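Remarks on the structure that follows.
As the structure is a prediction and not an experimental result, all values here were calculated from the model. All heavy atoms count here, side chains included; hydrogens, waters and symmetry mates do not.
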Amino acid sequence: MIGEQHYSDVFQALPTPCVMLLPNAPHFTVINVSDAYLEITNIQREDMVGKGFFEVFPTNPYQNNTIWRNIFDEVIRKKKTCKVPPQKYAFPTADVPARLDVKYLEVVNTPVLDNQEDIQFIIRSMTDVTHTVHHEKFYEETQRTAHIGSWEVNMAHQTVMWSEGLRDIYEVTPDFKPTFRVLEEFYPDPHAHRAFEDAFVKATKDGTVFRLTLPMVTAKRNERWVSIVGKSDLVSGACIRVYGITQDITDSKRLTDLDDLEKTILEMSAQRDTPLSAILSHYVLGIEALYGGMYCSILGVQNNRLVSWIAPSLPESYIAAVHNLPIDDNGGSCGSAAYRRERVIVSDIATDPKWANARELALKHDLRACWSHPIIDSHGNVIAVLGIYYKQAKFPNPEELLIIDRMSALLNILIENRQNADRVRESATMMAQGQELARFGNWQLDLENHRHTWSPALCDIYGIDPLVYAPSYDNYLALVHPDDRARVEQLVQRIFQTYEDTVFEERIIRPDGETRHLRSWARLVLNDERKPTKIIGACLDVTETKQAELKLKQLHTQLEKHLAEVAQSEQKYSDLFHLSPQPMWVYDLETYYFLDVNAAAVTHYGYTREEFLSMTILDIRPPEEIPKLEEAVALSRRYNKLFFKGTFKHRKKNGEIINVDIQSNIIQFHGRKAELILANDITEKLYHIEAIEAQNKKLQEIAWMQSHLFRAPLARIMGLADLIQHGPSPGVDLDKLLRAIHESAIELDSVLGDITEKAEQINLTEQ
């Protein structure tokens, strides 16, 4: 008979970690535990038996108590075994309890029922699948790293299974359930659809392995290229399953296509007749075709501004708006890249401060991300900026960073080489034009082959037609002026003797009889053995220069004469100006500053000459005179010649205000428009005029008093005296008449006193 002890011993010896729990929710007391369970959890038996399960395991970083309680509740409710997929658990290690050991365990909770179908206890068993999970994860991560996913089609159950790696390739959501409709969903190209279907059907019939390379479209509508390898299992001629792997080869195919595109671009660039704009457009469109959703632009850099070059897929209104924008750190990714001279990645235009000045412009055209890279030439100058746009916020992945580097490197070669080629062509054209315009030609004599070569400009200088007149040394000497011929021959011979360069002047007589003056250079070219192989040279037609030198000598003589006259004239002006007894000065009509001042002005106004030259004419005016002065100056500025006369108030250095009669005229003073001023102080004169006017007023008052006030009392006295003399009329009081004469005499005396007083005032004024 086997007793409980035997069952307990068997339970302890079980190789599978097990723990026996009472169904006393929510405690779930531990009543027994196997040795294997103690070993895997690194917990002592006495720390488990008799305690609640959640008391023993209070926390788990990877699995919270709520999930465990729900699992136990499900076992109690259903009274059925509950198997939990592998989960991550943390247990303390044996040597360092504070350190946690992470394991993957597959847990099975089995209820043990009595005869009444009630749960007596729960056996919780665990299987350590850590190595298996790690292996599967390693396999899965390896597949994902290599962009590989596995798949299987169960023909009996008509089900399809995908690995996580394959789900990543197809960019499906976690709840996506693959079916046989995968071809219709992800392979819209009819040719790809048919190729996959034919290969699949053939494999189910004969068990052959099939390999396909097909284009597909992911669930997120991204275009991909995949390589599919499949095989079927046949049992008694019947296919039970088809399985295989799918690899995303978009990157490798893109790289191949990119290599082909760049090869084509370099071939186009080698054809100098192909415009650079056409080459860049072809390149940009090719890149956009390889990377769906990418919009490229190439902006040039001119005068510290961005100019639109190439942007075939961006809106024309946006291209026009960014044209000629100044380069700064807040004008978008391209402006910032040119400003900083480094790559600028903006994953979200709506929030990045580098788009502060252009954000609304980009968002208006639904542009959400922009990555820019400056194109810098061999001299360190930013010559262009590559811009890559997306219509969603996006940060570049390593592959996209690689394509930016490749594009930038190739654009650097294309643009700089084309610019250099253009410069070479321009230089050659300018050299030919320069020789023609400067009357400068070159020649060469091949000593080994006795072949003479003259440039078209040299033939033109000598007035010969190279198709008729064969250039040669003898023909050259025949054109040299007879008076210069012997000297030229000696110079040429000396070159072969000394191997030294020579420069000389000569005259030639052209076939039409015209004499020209030339300055010539000659150099002997030696081989490695120091033997002459050719002689090269050049000629500059200096006839006009010689004629100009003669004219220049004549002009120099005339100029010296003119300068002497000017010097004499300037001396007269200086004497007239500086020796004048009247204050005079010259001031700048634009700045009001004194430009020159004579001694009379220095003496009269009290300022030194240095003080005057540091002042403006405003400084010698009282404030109330400034508007009047500015009005007069404004009038002078409108004319090149204007004689002006007026009266103004000036202020001396000591503060005295004087009245000045001004006469002025406009002159050119050392190349500047100025005004010459003659100032006459009329302050005393005005005082005299005022005094005379005051005297005249007094005399007028005296005359009026004599003619009016003086006559009235005198007439009364004369009338009263006559009345008394001829006898008063009867009834007239004589005393009254005498009193009237007396009052009139007093009035007359008063008038005489006023006249005398005013006369004395006139005398005082005269004094």
Exercise. Under the criterion side-chain contact (heavy atoms from CB on, under 4.5 Å), which of Ser297, Cys296, Ser308 is the partner of Leu314?
Worked result: Ser297
For this session: Would you indicate whether the side-chain heavy atoms of Tyr187 and Val226 approach each other to under 4.5 Å?
Result: yes
Exercise. Counting heavy atoms not belonging to Glu624, are there more than 12 under 6.0 Å from its CD?
Worked result: yes
For this session: Say whether, by atom type as modelled, one donor and one acceptor occur between the side chain of Ser163 and the main chain of Gly149 under 3.5 angstrom.
Result: no
Seminar exercise, completed: Interatomic distance, OH@Tyr593 vs OG1@Thr616, rounded to 0.5 Å, equals 6.5 Å
Exercise. Should we count NZ of Lys673 as having more than 12 external heavy atoms under 6.0 Å?
Worked result: yes
Exercise. In terms of ring plane angle, is the pair Phe186 and Trp162 parallel, tilted or perpendicular, where the classes change at 30° and 60°?
Worked result: tilted
Side-chain donor-acceptor pairs of residues 352-359 under 3.5 Å, sequence neighbours excluded:
unit_1: Asp352; atom_1: OD1; unit_2: Lys354; atom_2: N; d: 2.9
unit_1: Asp352; atom_1: OD1; unit_2: Lys354; atom_2: NZ; d: 3.3
unit_1: Trp355; atom_1: NE1; unit_2: Ser333; atom_2: OG; d: 2.8
unit_1: Asn357; atom_1: ND2; unit_2: Asn330; atom_2: O; d: 3.4
unit_1: Arg359; atom_1: NE; unit_2: Ile349; atom_2: O; d: 2.9
unit_1: Arg359; atom_1: NE; unit_2: Ala350; atom_2: O; d: 3.1
unit_1: Arg359; atom_1: NH2; unit_2: Asp352; atom_2: O; d: 2.5

Exercise. Are any of the side-chain heavy atoms of Ile287 and Val284 separated by less than 4.5 Å?
Worked result: no
For this session: Check Ile461 against Cys539 and note the closest heavy-atom contact, atom names and distance.
Result: CD1-O, 3.9 Å
Problem set entry | Test item: Ile265 and Ile279 side chains (from C-beta on) under 4.5 Å apart, heavy atoms | yes
For this session: Work out which heavy atom in Leu589 is nearest to a heavy atom in Ala674; give both atom names and the distance.
Result: CD1-O, 4.0 Å
Seminar exercise, completed: Heavy-atom nearest pair, Trp454 first then Cys459, reads CB-SG, 3.9 Å
For this session: Take atom CD of Glu267 as the centre, draw a 6.0 Å sphere, and report whether it contains more than 12 heavy atoms from other residues, nucleotides or ligands.
Result: yes
Problem set entry | Flag, side chain of Arg341 to backbone of Gly380, donor-acceptor distance under 3.5 Å | yes
Exercise. Would you say the side-chain atoms of Arg224 pair up with the backbone N or O of Ile169, donor to acceptor, closer than 3.5 Å?
Worked result: no
For this session: Test Leu261 against His282 for side chain to side chain contact (heavy atoms under 4.5 Å, CB included), laying out the working first.
Result: CA-CA 9 Å; Leu261 173 63; His282 189 87; 4.1 Å; yes
Problem set entry | Check: Tyr295/Tyr318 side-chain N/O donor and acceptor closer than 3.5 Å | no
Exercise. At their closest point, which heavy atom of Pro178 faces which heavy atom of Arg167, and how far apart are they?
Worked result: CD-NH2, 3.9 Å
Can you give each donor-acceptor pair under 3.5 Å made by side-chain atoms of residues 390-398, sequence neighbours left out, with the distance rounded to 0.1 Å?
unit_1: Tyr390; atom_1: OH; unit_2: Glu400; atom_2: OE2; d: 3.3
unit_1: Lys394; atom_1: NZ; unit_2: Glu400; atom_2: OE2; d: 3.3
unit_1: Asn397; atom_1: OD1; unit_2: Glu399; atom_2: N; d: 3.1
unit_1: Asn397; atom_1: OD1; unit_2: Glu400; atom_2: N; d: 2.7
unit_1: Asn397; atom_1: ND2; unit_2: Glu400; atom_2: OE1; d: 3.4

Exercise. Would you find a donor on one side and an acceptor on the other, under 3.5 Å apart, between the side chain of Ser408 and the backbone of Ile404?
Worked result: yes
Problem set entry | Donor-acceptor pair, side chain of Arg621 and main chain of Lys628, under 3.5 angstrom | no
Problem set entry | N/O donor-acceptor pair under 3.5 Å between Ser372 side chain and Cys334 backbone | yes
For this session: Work out which heavy atom in Leu414 is nearest to a heavy atom in Leu280; give both atom names and the distance.
Result: CD1-CD2, 4.1 Å
Exercise. CG of Asp259 to CZ of Arg406: how many Å apart, nearest 0.5 Å?
Worked result: 5.0 Å
For this session: Evaluate the side-chain proximity of Pro326 to Asn304: yes if any heavy-atom separation is below 4.5 Å, no if none is.
Result: no
For this session: Specify the closest pair of heavy atoms between Gly331 and Asp328, including all atoms of both residues, with the distance to one decimal.
Result: N-OD1, 2.7 Å
Exercise. Rounded to the nearest 0.5 Å, how far does CD of Glu288 lie from CD1 of Ile388?
Worked result: 9.5 Å
Problem set entry | Pairwise distance CZ(Arg305) to CG(Leu299) - rounded to 0.5 angstrom | 13.5 Å
Problem set entry | Tyr283 side chain near Ile310 side chain, heavy-atom distance below 4.5 Å | no
Exercise. Who are the side-chain hydrogen bond (donor to acceptor under 3.5 Å, both in side chains) partners of Ser378, not counting sequence neighbours?
Worked result: Glu416
Exercise. Under a 4.5 Å cut-off applied to non-hydrogen side-chain atoms, are Ile620 and Tyr607 in contact?
Worked result: yes
Exercise. Parallel under 30°, tilted from 30 to 60°, perpendicular over 60°: which one fits the rings of Tyr587 and Tyr592?
Worked result: perpendicular
For this session: Step by step, work out the side chain to side chain contact (heavy atoms under 4.5 Å, CB included) result for Ile228 and Trp151.
Result: CA-CA 10 Å; Ile228 304 174; Trp151 51 271; 4.1 Å; yes
Exercise. Any side-chain heavy-atom pair from Thr213 and Trp225 closer than 4.5 angstrom?
Worked result: yes
Exercise. Does any non-hydrogen side-chain atom of Val322 lie less than 4.5 Å from one of Leu306?
Worked result: no
Exercise. Do His323 side-chain atoms and Ile319 backbone N/O form a donor-acceptor pair below 3.5 Å?
Worked result: no
Exercise. Quick check: are there more than 12 heavy atoms from other residues, nucleotides or ligands sitting under 6.0 Å from CZ of Phe648?
Worked result: yes
Exercise. In terms of heavy-atom contacts, does CZ of Arg523 have more than 12 from other residues, nucleotides or ligands at under 6.0 Å?
Worked result: no
Exercise. Any Lys/Arg nitrogen of Asp596 or Arg609 sitting under 4.0 Å from an Asp/Glu carboxylate oxygen of the other?
Worked result: yes
Problem set entry | Side-chain donor or acceptor of Arg519 paired with backbone N/O of Val503 under 3.5 Å | no
For this session: Give the intermediate values and the outcome of side chain to side chain contact (heavy atoms under 4.5 Å, CB included) for residues Trp521 and Leu540.
Result: CA-CA 9 Å; Trp521 293 262; Leu540 176 65; 3.8 Å; yes
Exercise. Are Arg368 and Asp366 close enough for a salt bridge, meaning some N to O gap below 4.0 Å?
Worked result: yes
Exercise. Looking at CD1 of Ile403 and CE of Met294, how far apart are the two atoms once the value is rounded to the nearest 0.5 Å?
Worked result: 7.0 Å
For this session: Determine whether more than 12 heavy atoms belonging to other residues, nucleotides or ligands lie under 6.0 Å from atom CD of Gln668.
Result: yes
Exercise. Are Leu361 and Leu367 close enough, and set up right, to give a side chain to side chain contact (heavy atoms under 4.5 Å, CB included), and what steps lead you there?
Worked result: CA-CA 9 Å; Leu361 178 62; Leu367 301 175; over 6 Å; no
For this session: Measure from the side-chain N and O atoms of Asp588 to the backbone N and O of Glu590, and report whether any donor-acceptor pair falls under 3.5 Å.
Result: yes
Exercise. Going from CH2 on Trp585 to CG on Leu613, what distance comes out if it is rounded to the nearest 0.5 angstrom?
Worked result: 13.0 Å
